[in-house]
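Just the heavy atoms: all of them, side chains too, but no hydrogens, waters or symmetry mates, feed the values below. Quick note: residue numbers are just sequence positions, from 1.
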Amino acid sequence: VLYCIQKIYIINMVCAARKGKILGKEGKLELIAANQAKIDSRRQRDDKKWAAVLSKMDDEKKKKFTGVGNQGLKKSRVRGVTRRSQRPQTGRKEDTVAFDTTIHLSKLLQGRTFHKRAPVAVKKIKAFAGKLMKTNDNRIDSSLNNFIWHQGVKGVPGRVRVRVQRKVAEQQNESASRQRKRLYTVTSLVPVASFKGLLTKKAESA
């Protein structure tokens with residue numbers, strides 16, 4: 001089977017090269033122009049269809065379609081509603097925010113050697129916090145660090161409930177006030193009796 005696949009691949013390559021030689025430069029340009037004409041005709045057909053759909057809508061329904069190429073510009077295309085256009089526009093997100101979430105450590109540490117389980121767990125938690133909060137400076141609270149290490153290097157708990165807080169670093173001097181804000185994340189322990197039914201939720205940032 002592998003031999004047949006390789007043979008077919010070689011035959012296709014030879015046919016493509018031979019086609020290019022036969023067509024020449026002018027033939028290639030004509031082929032490109034024909035493909036572009038197909039794309040333009042399909043685009044015009046789609047625009048015509050969506051223009052007919054939008055013409056039958058009332059004004060309230062048309063508001064959902066704003067921002068997706070229906071501003072009447074020459075280069076913009078007429079399109080239908082997209083998921084992005086239906087999302088509420090809230091502007092810039094707040095700098096200080098906190099989330100309570102559960103991290104499944106046993107899934108992240110699967111196949112790790114015993115003498116690396118606790119250090120790798122700390123790294124995974126920092127990476128999780130950085131991905132959630134979009135920060136490069138990610139820190140672990142002493143309470144969470146003690147909870148991870150309290151059964152030794154290989155006795156890492158299977159799950160842990162944490163609070164991930166994004167904060168703004170204090171500026172040292174007045175000249176730093178002109179610079180961008182430096183954000184960092186602190187991950188701390190949230191003691192719980194059971195993990196059953198707990199979901200990720202927004203918490204009050206301290």
Side-chain angles (χ1 to χ4, degrees), residues 63-71 73 75-77 79 81-206:
K63 290 180 182 178
K64 293 183 179 180
F65 290 77
T66 57
V68 289
N70 304 320
Q71 292 89 358
L73 303 175
K75 292 185 178 180
S76 67
R77 293 183 59 198
R79 293 188 181 180
V81 66
T82 59
R83 291 181 182 177
R84 187 180 183 89
S85 65
Q86 286 183 329
R87 290 179 194 155
Q89 302 295 328
T90 56
R92 179 183 168 84
K93 296 180 181 177
E94 52 187 341
D95 295 330
T96 56
V97 66
F99 290 98
D100 286 350
T101 184
T102 304
I103 301 176
H104 194 179
L105 292 175
S106 60
K107 188 184 290 185
L108 300 175
L109 300 175
Q110 192 171 10
R112 296 287 181 176
T113 53
F114 285 154
H115 70 282
K116 291 183 179 180
R117 288 177 69 84
V120 169
V122 173
K123 288 182 181 178
K124 294 287 186 181
I125 292 172
K126 286 183 178 180
F128 174 83
K131 190 174 181 181
L132 179 66
M133 294 296 184
K134 307 292 190 297
T135 54
N136 295 323
D137 186 3
N138 306 304
R139 307 172 189 179
I140 296 288
D141 193 55
S142 60
S143 60
L144 179 58
N145 191 54
N146 292 338
F147 181 74
I148 293 170
W149 285 87
H150 81 282
Q151 291 179 341
V153 70
K154 66 178 183 179
V156 179
R159 281 181 174 83
V160 61
R161 186 76 175 173
V162 296
R163 175 166 293 174
V164 187
Q165 295 179 337
R166 185 170 63 194
K167 300 181 179 181
V168 181
E170 295 181 1
Q171 297 172 349
Q172 299 294 334
N173 47 20
E174 296 180 358
S175 62
S177 60
R178 300 175 184 175
Q179 299 176 0
R180 293 177 61 185
K181 297 182 198 175
R182 194 172 68 82
L183 304 176
Y184 68 97
T185 302
V186 179
T187 309
S188 56
L189 176 68
V190 178
V192 291
S194 174
F195 297 101
K196 191 171 182 179
L198 295 178
L199 302 174
T200 302
K201 63 179 183 178
K202 193 172 182 180
E204 295 181 1
S205 56

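Val164 places a side-chain heavy atom less than 4.5 Å from the side chain of Thr185. In this structure, Leu105 and Ile103 have side chains that are in contact, with non-hydrogen atoms separated by less than 4.5 Å.
When all heavy atoms of Asn145 and Ile140 are compared, the closest pair comes out as N-CG2, 3.9 Å. When all heavy atoms of Arg161 and Phe195 are compared, the pair lying nearest together is N-CE2, 3.5 Å. Between Ala98 and Gln165 the shortest heavy-atom distance is CB-CG, 3.7 Å. For Ala121 against Val156, the heavy-atom pair with the smallest separation is CB-CG1, 4.0 Å.
Here the straight-line distance linking atom CZ of Arg182 with atom NZ of Lys167 works out to 13.0 Å at 0.5 Å rounding. The structure places NZ of Lys134 at 12.5 Å from CG of Leu183, a figure rounded to the nearest 0.5 Å. Between the CG atom of Asn138 and the CG atom of Leu132 there is a distance of 10.0 Å, given to the nearest 0.5 Å.
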*side-chain contact (heavy atoms from CB on, under 4.5 Å) between Val160 and Ile148, worked out*: CA-CA 9 Å; Val160 61; Ile148 293 170; 5.7 Å; no

*asked:* If you apply the rule side-chain contact (heavy atoms from CB on, under 4.5 Å), what do you find for Thr96 with Val168, and how did you get there?
replied: CA-CA 7 Å; Thr96 56; Val168 181; 4.2 Å; yes

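When each of Thr102, Thr101, Asp100 is paired with Thr200, the side-chain hydrogen bond (donor to acceptor under 3.5 Å, both in side chains) condition holds for Thr101 and for no other.
Checking His104 against Ser106 by side-chain atom types alone, a donor-acceptor pair falls below 3.5 Å.
Heavy atoms of other residues, nucleotides or ligands lying less than 6.0 angstrom from CG of Asn146 number more than 12.
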Taking distance alone, no hydrogens or angles, what donor-acceptor pairs closer than 3.5 Å link side-chain atoms of residues 107-119 to residues at least two apart or in another chain?
| unit_1 | atom_1 | unit_2 | atom_2 | d |
| --- | --- | --- | --- | --- |
| Arg117 | NE | Lys154 | O | 3.4 |
| Arg117 | NH1 | Leu109 | O | 3.4 |

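Under the 3.5 Å distance criterion, the side-chain polar atoms of Arg166 are left unmatched by any main-chain donor or acceptor of Ala129.
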